Amino acid sequence: MTDPSTHPETSVHTLEAQRRANRQAVADLGLDPYGSRLDGMMDLASARALFDEQAHLDFQQAEADRKALEKASPGVTVPASPDRRPRVRVAGRVMLHRDNGKLVWMNLRDHTDASFQVAVSKRECSESGFAVAKSTDLGDLIAVSGPLMKTKAGEVTLWAETVQPCAKCLAPPPEKHAGLQDIELRYRQRYVDMWSNYETTRVFQWRSQIVAAMRRRLSEQGFLEVETPMLQTQAGGAAARPFITHMNALDIDLYMRIAPELYLKRLLVGGLPRVFEINRNFRNEGLDKHHNPEFTMLELYQAYGNYHSVMELTEDLVRHAARAAAELRRGEERVEPDGPSLPFGALQIDYGRAFDRVTYRELFIRGLGFDPGDTARVVSEAERRGIRTRNDRGDSIDAVFIVNKLFEDYAERTLDPARPTWIMDYPASLSPLTRPSRSNPAVAERADLFIAHMEIGPHYTELNNPDVQAAKFREQLSGLDDEESTFRTFDEDFIQALKVGMPPAGGMGLGIDRLMMLLTNQPTIRDVILFPLMRPQRDGETA
RNA sequence: GAGGGCGUAGCUCAAUCGGUAGAGCAGCGGACUUUUAAUCCGGAGGUUCAGGGUUCGAGUCCCUGCGCCCUCACCA
């Protein structure tokens with residue numbers, strides 16, 4: 001292995017070469033530019049909070065008195081002023097560097113504070129600390145210790161006594177005011193995006209804390225978090241194309257899961273009445289501002305519940321999450337601290353009031369002006385609007401799919417995006433795997449939550465009759481084309497589990513990424529996923 | 001998968017009808033002990049995404065490829 005630092009001639013850019021030289025200047029002081037263990041460290045926000053106004057004023061006064069006395073009595077040595085100012089040791093990334101000659105001003109950033117001011121004076125700082133400050137580049141990590149004071153302009157500042165290098169930033173940093181703007185670079189080099197654009201770090205801190213609040217809420221309500229297989233021998237629980245991988249030891253193909261559903265239901269059979277999982281699903285499909293091939297889903301099952309009971313649960317959970325988000329985002333414009341209402345782009349979404357409820361049929365009539373059961377009208381209206389009513393072979397497409405196309409294009413869009421809304425009671429024929437309503441077998445006991453025109457999560461009354469489930473599996477399999485039938489199989493073991501007896505249950509899935517877009521006000525799913533999938537770069541390639 | 005847009009200095013962005021590729025920041029040399037995107041003086045920095053073509057002349061027009069973004073399609 002060759003150390004690139006000892007071979008700077010290998011196409012090292014000028015700017016990096018300069019930084020390597022500055023790193024050498026630190027090494028020449030006898031210091032390790034890459035630092036070492038430091039105890040008694042404090043984050044920047046905690047340090048700032050420790051500032052003591054009175055101690056600062058007392059010290060200033062004492063110093064003024066001392067200097068006056070020295071002036072009045074030349075030759076007399078006056079003892080140093082008593083200093084009760086809190087002393088702290090902090091570390092951070094250097095965001096700004098203002099070198100005034102014998103006084104260097106820097107602004108540090110860490111995960112708690114976007115800008116924390118440090119002053120390094122040749123008079124008060126250690127000799128090596130001052131030298132380190134002089135050779136510091138933007139983007140370096142440094143540790144600083146000293147008392148907290150306030151400048152003339154009123155800014156809390158660490159007046160450094162020591163400055164130590166922690167890590168050199170050899171890569172030239174983004175523009176110091178605008179930050180890293182290039183969208184592609186922000187995703188590819190998230191580690192630069194995060195420190196350069198402080199908002200990015202905050203969004204991911206919020207995401208983690210909001211999900212933690214949701215976990216606590218579910219735990220309080222008796223739900224147990226579990227982890228079920230991601231590598232599955234058959235990809236079940238949803239209708240989606242899976243990723244296929246291969247296991248060498250058993251020489252079998254495996255599927256990355258598209259949903260945990262069939263395993264979570266096995267746990268209901270096993271006797272856990274309330275289970276949930278927050279984890280990744282993988283779907284081998286397109287990607288856009290609402291889809292990433294791997295995404296995080298909260299899936300939950302409640303024994304002895306139904307779709308109404310899990311709707312109530314979700315409504316409480318989402319409201320609770322919104323409250324947590326509002327608490328974290330307190331002080332932001334259009335954020336109400338107790339959380340009934342949060343901005344999402346131009347919208348202001350109210351999570352406090354009861355979510356709207358509308359049945360599929362009602363919404364269809366509202367959007368289209370006629371009953372979805374009127375098949376002749378459905379076909380004629382579809383044709384009038386240019387929607388296909390025949391497939392490639394010229395056969396009539398089943399009316400229920402035409403109804404749904406009309407529904408998605410003309411009815412869903414009539415929803416108020418600022419009002420979280422449940423669409424309930426989907427046609428049974430559209431939801432073949434859902435339990436039909438006992439009072440009206442034509443509708444499925446299913447509800448879907450929509451916010452800001454995004455589908456957030458389906459809610460179901462689960463099937464627990466093994467014979468009905470088996471029949472529905474078979475029905476689903478019979479209608480598949482060649483491609484689909486390669487990865488859609490009959491899950492014998494799941495049917496076996498249902499034969500053992502699964503309690504009646506409500507189940508739901510909640511798209512965590514989309515919910516986080518809403519609660520952190522981010523326009524695309526990539527902005528709430530730390531490392532969204534990017535096509536690999538083939539640099540240096542010539543045609 | 002289809003259509004549209006974009007790709008210029010390390011970063012953020014300009015460049016009129018096809019006519020010598022510019023600025024700010026960063027970086028470099030110098031001055032400066034209360035600065036706030038510090039300021040002042042001086043100098044430096046380019047395979048205009050890659051490859052080909054048209055032209056006296058291409059960042060600009062044409063073709064191909066790569067990547068990103070947007071819209072649509074696919075997609076519980």
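Numbered from 1 within each chain, the chains take letters A, B, ... in sequence-line order. Quick caveat: nothing in here was measured; it's all calculated off a predicted structure.
Pairing for B/rA15 is absent, judged as Watson-Crick or G-U wobble with the two contacts each under 3.5 Å. When Watson-Crick and G-U wobble pairs are counted only if both distances are under 3.5 Å, B/rC68 pairs with B/rG5. Remark: B/rU48 base-pairs with no nucleotide; criterion is Watson-Crick or G-U wobble with both hydrogen-bond distances under 3.5 Å. B/rA21 is unpaired under the criterion used here, namely a Watson-Crick or G-U wobble arrangement in which both key atom distances are under 3.5 Å.
Remark: the A/Gln117 side chain and the B/rU35 base include a donor-acceptor N/O pair separated by less than 3.5 Å. Between the base of B/rU36 and the side chain of A/Thr151 there is a donor-acceptor pair shorter than 3.5 Å.
Aromatic ring orientation, A/Phe407 versus A/Phe364: parallel (interplanar angle below 30°, classes split at 30° and 60°).
When heavy atoms are screened at a 4.0 angstrom cut-off, A/Ala153 is found touching base atoms of the nucleic acid.
The P atoms of B/rG19 and B/rC62 are separated by 15 Å, rounded to the nearest whole Å. For the P atom pair drawn from B/rC13 and B/rG7, the interatomic distance equals 11 Å after rounding to whole Å. Comparing the same atom, C1', in B/rU35 and in B/rG42 gives a spacing of 23 Å after rounding to whole Å. Rounded to the nearest Å, the gap between the C1' atom of B/rG24 and that of B/rA15 is 15 Å. Comparing the C1' positions of B/rC74 and B/rA21 gives a spacing of 44 Å, expressed to the nearest Å. The same atom, P, is picked in B/rA58 and in B/rC68; the two are 30 Å apart, to the nearest Å.
The side chain to side chain contact (heavy atoms under 4.5 Å, CB included) test with A/Val144 singles out one residue from A/Val132, A/Thr162, A/Val120, A/Val118, and that residue is A/Val118.
A/Lys176 has a side-chain polar atom (N or O) that falls below the 4.0 Å cut-off from OP1 or OP2 of B/rA26. In this model, the phosphate group of B/rU12 is not approached by any side-chain N or O of A/Gln181 to a distance below 4.0 Å at OP1 or OP2. In this model, the phosphate group of B/rG10 is not approached by any side-chain N or O of A/Arg19 to a distance below 4.0 Å at OP1 or OP2. Checking the phosphate oxygens (OP1, OP2) of B/rU36, no side-chain nitrogen or oxygen of A/Arg98 falls inside 4.0 Å. Between A/Arg526 and B/rC69, a side-chain N or O to OP1/OP2 separation shorter than 4.0 Å is present.
At a threshold of 4.0 Å, the pair A/Arg446-A/Asp425 does not count as salt-bridged, since none of the basic side-chain nitrogens sits closer than that to a carboxylate oxygen.
Remark: side-chain polar atoms of A/Arg257 are not paired, donor with acceptor, to backbone N or O of A/Met230 under 3.5 angstrom.
Comparing B/rC69, B/rU12, B/rU34 against the side chain of A/Leu180 picks out B/rU12 as the nearest. The side chain of A/Ala178 lies closest to B/rU12 when the candidates are B/rU34, B/rG67, B/rU12. Candidate nucleotides B/rU33, B/rU34, B/rC69 were compared by shortest atom distance to the side chain of A/Trp105, and B/rU34 ranks first. Taking every side-chain heavy atom of A/Ser121 into account, B/rU33 is the closest of B/rU35, B/rC28, B/rU33. For A/Glu155, the side-chain atoms get nearest to B/rU36 when compared with the rest of B/rG10, B/rC69, B/rU36.
With RNA chain B read from its 5' end, the first of the two nearest nucleotides for A/Asn22 and A/Met534 is the one closest to A/Asn22. Each of A/Lys405 and A/Gln18 was assigned the nucleotide of RNA chain B with the nearest heavy atom; the assignment lying further toward the 5' end belongs to A/Gln18.
Defined by atom type and a distance below 3.5 Å, a donor-acceptor pair is present between the side-chain atoms of A/Gln302 and A/Ser309.
Spacing between atom CG of A/Asp288 and atom P of B/rC68 amounts to 15 Å, rounded to whole angstrom units. The distance between atom CG of A/Asn292 and atom C1' of B/rC75, rounded to the nearest whole Å, is 13 Å. Regarding A/Asp182, its CG atom lies at a distance of 6 Å from the P atom of B/rU12, rounded to whole Å. For A/Glu184 and B/rU12, the CD to P distance is 11 Å, given to the nearest whole Å. Look at CG on A/Leu533: it is 9 Å from P on B/rC68, rounded to the nearest Å. Between the P atom of B/rC75 and the NE2 atom of A/His290 lies a distance of 17 Å, rounded to the nearest Å. The separation between A/Lys122 atom NZ and B/rU33 atom P is 11 Å, rounded to whole Å. The distance between atom NE2 of A/His177 and atom P of B/rC13, rounded to the nearest whole Å, is 12 Å.
Within a 6.0 Å sphere centred on CD of A/Glu53, heavy atoms belonging to other residues, nucleotides or ligands number more than 12.
Using a 90° window around 0 for the glycosidic torsion, B/rC17 falls inside it and is classed as syn.
Aromatic ring centres of A/His97 and A/Trp105: separated by at least 6.0 Å.
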